Number of protein chains: 2
Amino acid sequence: MAAYFALMEVGNLLQHAVEQQLRDDGGISYVQFQILATLADEPDGRLRMTDVADRLVHSRSGLTYQATQLQKAGLLIREPSADDERSTVVVLTPSGRDLLVRVLPAHVDVVRQVLFEDMDRTDVTVLADTVGRLRDRMRAAPPRSARRPR
Amino acid sequence: MAAYFALMEVGNLLQHAVEQQLRDDGGISYVQFQILATLADEPDGRLRMTDVADRLVHSRSGLTYQATQLQKAGLLIREPSADDERSTVVVLTPSGRDLLVRVLPAHVDVVRQVLFEDMDRTDVTVLADTVGRLRDRMRAAPPRSARRPR
DNA sequence: TATTGTTATACTCTATAACTATA
DNA sequence: TATAGTTATAGAGTATAACAATA
């Protein structure tokens, strides 16, 4: 339980710190940053709405809201899918990519300062390893958007 | 950065899981659980408002809101401080303590399932150690409520 | 019938600024 | 002058349920 409580507190403190940086430097929230970063991580910068929602543990309606905000800001566009006419594909725009590039250096700095300041290399390796395996396993759990209503 | 992203994702997934459990079993949010747990952690179950706000990285007005909710629910009371008449002290009620006791077993179960399922003892120890030191250092940073307005 | 996405809606929460009272 | 706490307010975000369109 000590590990759990510490993990939650560290996560929250870190989120507060990066949230402020992202707001100041890019005018976006952490969730919006996650959406952009998730898209940027794809080879072609495009994903289906539902796939984004699943990765970020969001309801689909919540993602629709955020996608609308990001589209208004010109950071992504939505277009119909070619293979499945029910689907909408979200595509990162050049501005969206620019914003990420512009915001990332300071973002990395904040993370370094807040999280890694006093950690040595082995600590970081161990943390990355442990927490990376955790994430992979947790991702395997049934996705959020697939949950049946009660 | 891999460690950072994984840490954030694990934290968010975990928070979603426990939040649902707390809502279902106790009718409280995670923040409210944190407030109650913070008080229960004190020998006499009492703390000043500002001290609670600092520990939980909250604005004071945000804590006022949550304290009002919890007081309405009968889980804590607020009373004037004896030594400093500016201060308000928050005190856990018996119902508040009962709720924690009632909610905690299932809470521990969720954490065990979601977080520790496939981790062996050394993994847990290492994680607790790393993340515990991190928290201690991050706590040493200047508190949230002390930030001067721009 | 199941899945994808949006909309309408209602609610929770958070922070900023202004204010009161005490140190 | 600084600190403790509250209030008023406004905004951001979230989810549930109902819906339309497609598989």
Side-chain angles (χ1 to χ4, degrees), chain A residues 12 15-16 19-20 22-24 27-35 46-54 56-73 76-91 142-150, chain B residues 12 15-17 19-20 22-24 27-35 46-73 76-91 142-150:
Chain A
N12 284 330
Q15 183 148 350
H16 265 279
E19 209 140 49
Q20 189 176 333
L22 290 170
R23 182 66 60 196
D24 291 347
I28 55 173
S29 68
Y30 186 69
V31 172
Q32 291 167 349
F33 171 75
Q34 280 183 306
I35 294 172
R46 43 172 60 232
L47 271 176
R48 291 194 324 155
M49 289 288 284
T50 297
D51 293 333
V52 178
D54 285 348
L56 303 183
V57 197
H58 264 277
S59 65
R60 283 185 312 219
S61 69
L63 180 62
T64 296
Y65 170 77
Q66 293 295 356
T68 305
Q69 303 309 112
L70 291 169
Q71 188 162 21
K72 277 182 195 162
L76 55 76
I77 56 169
R78 277 180 284 191
E79 54 186 40
S81 166
D83 13 299
D84 186 338
E85 293 200 20
R86 292 172 302 182
S87 300
T88 300
V89 175
V90 205
V91 189
R144 200 76 187 5
S145 67
R147 277 210 323 222
R148 295 286 94 237
R150 358 179 179 180
Chain B
N12 284 330
Q15 183 146 350
H16 264 278
E19 210 139 49
Q20 189 177 334
L22 290 170
R23 182 66 60 196
D24 291 348
I28 55 172
S29 68
Y30 186 70
V31 172
Q32 290 167 348
F33 171 75
Q34 279 184 305
I35 295 172
R46 44 171 59 232
L47 271 177
R48 292 195 323 154
M49 288 289 284
T50 298
D51 293 332
V52 178
D54 284 349
R55 299 212 189 172
L56 302 183
V57 197
H58 265 277
S59 66
R60 283 187 311 223
S61 69
L63 179 61
T64 296
Y65 169 77
Q66 292 295 354
T68 304
Q69 302 308 113
L70 291 169
Q71 189 162 20
K72 277 183 194 161
L76 55 77
I77 56 170
R78 275 180 286 191
E79 55 187 41
S81 166
D83 12 300
D84 187 336
E85 292 199 22
R86 292 172 302 183
S87 299
T88 300
V89 175
V90 204
V91 190
R144 202 73 188 3
S145 66
R147 278 210 322 223
R148 297 285 95 238
R150 359 178 181 180

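By convention in this document, chain letters (A, B, ...) are assigned in the order of the sequence lines, proteins followed by strands, and residues within each chain are numbered from 1. All figures in this text were calculated on a predicted structure; none of them were measured in a lab.
- Here Asn12(A) pairs with nothing under the side-chain hydrogen bond (donor to acceptor under 3.5 Å, both in side chains) rule; sequence neighbours left out.
- Residues that satisfy the side-chain hydrogen bond (donor to acceptor under 3.5 Å, both in side chains) test with Gln66(B), not counting sequence neighbours, are Gln32(B).
- We find that CG of Leu22(B) is positioned 16 Å from P of dT12(C), with the value rounded to whole Å.
- Remark: Thr88(B) engages no residue in a side-chain hydrogen bond (donor to acceptor under 3.5 Å, both in side chains) (not counting sequence neighbours).
- Near DNA chain D, defined here as any heavy-atom distance below 4.0 Å, the residues from residues 76-84 of chain B are Arg78(B), listed numerically.
- Residues that satisfy the salt bridge (charged side-chain N to carboxylate O under 4.0 Å, His left out) test with Arg23(B), not counting sequence neighbours, are absent from this structure.
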Can you pull every protein N or O that's under 3.5 Å from an N or O on nucleotides 7-13 of chain D?
{"unit_1": "dG13(D)", "atom_1": "OP1", "unit_2": "Ser29(A)", "atom_2": "OG", "d": "3.3"}

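- Taking the nucleotide of DNA chain D with the nearest heavy atom to each of Gly62(A) and Arg86(B), the more 5' of the two is matched to Arg86(B).
- For the pair Ile35(A) and Leu56(A), the minimum side-chain heavy-atom distance is below 4.5 Å.
- In this entry the distance linking CD of Gln20(B) with C1' of dT14(D) reads 14 Å, nearest Å.
- Every residue meeting the side chain to side chain contact (heavy atoms under 4.5 Å, CB included) condition with Gln71(A), not counting sequence neighbours, appears here in chain and number order: Leu76(A), Ile77(A), Arg78(A).
- Remark: Ser61(B) engages Ser59(B) in a side chain to side chain contact (heavy atoms under 4.5 Å, CB included) (not counting sequence neighbours).
- Note: CG (Leu47(A)) to C1' (dT4(C)) measures 15 Å, nearest angstrom.
- The distance from atom CE of Met49(A) to atom P of dA20(D) is 19 Å, rounded to the nearest whole Å.
- Leu63(A) places its CG atom 15 Å from the P atom of dT16(D), with the value rounded to the nearest Å.
- Remark: P of dT12(C) and CD of Gln15(B) are 18 Å apart, rounded to the nearest angstrom.
- In this structure, Asp51(B) atom CG and dT3(D) atom P are separated by 14 Å, rounded to whole Å.
- Between Asp51(B) and Leu47(B), the shortest heavy-atom contact is CB-CD2, 4.3 Å.
- Contacts of Arg46(B) classified as side chain to side chain contact (heavy atoms under 4.5 Å, CB included), with partners at least two apart in sequence or in another chain: Asp44(B), Glu79(B), Val89(B), Val91(B).
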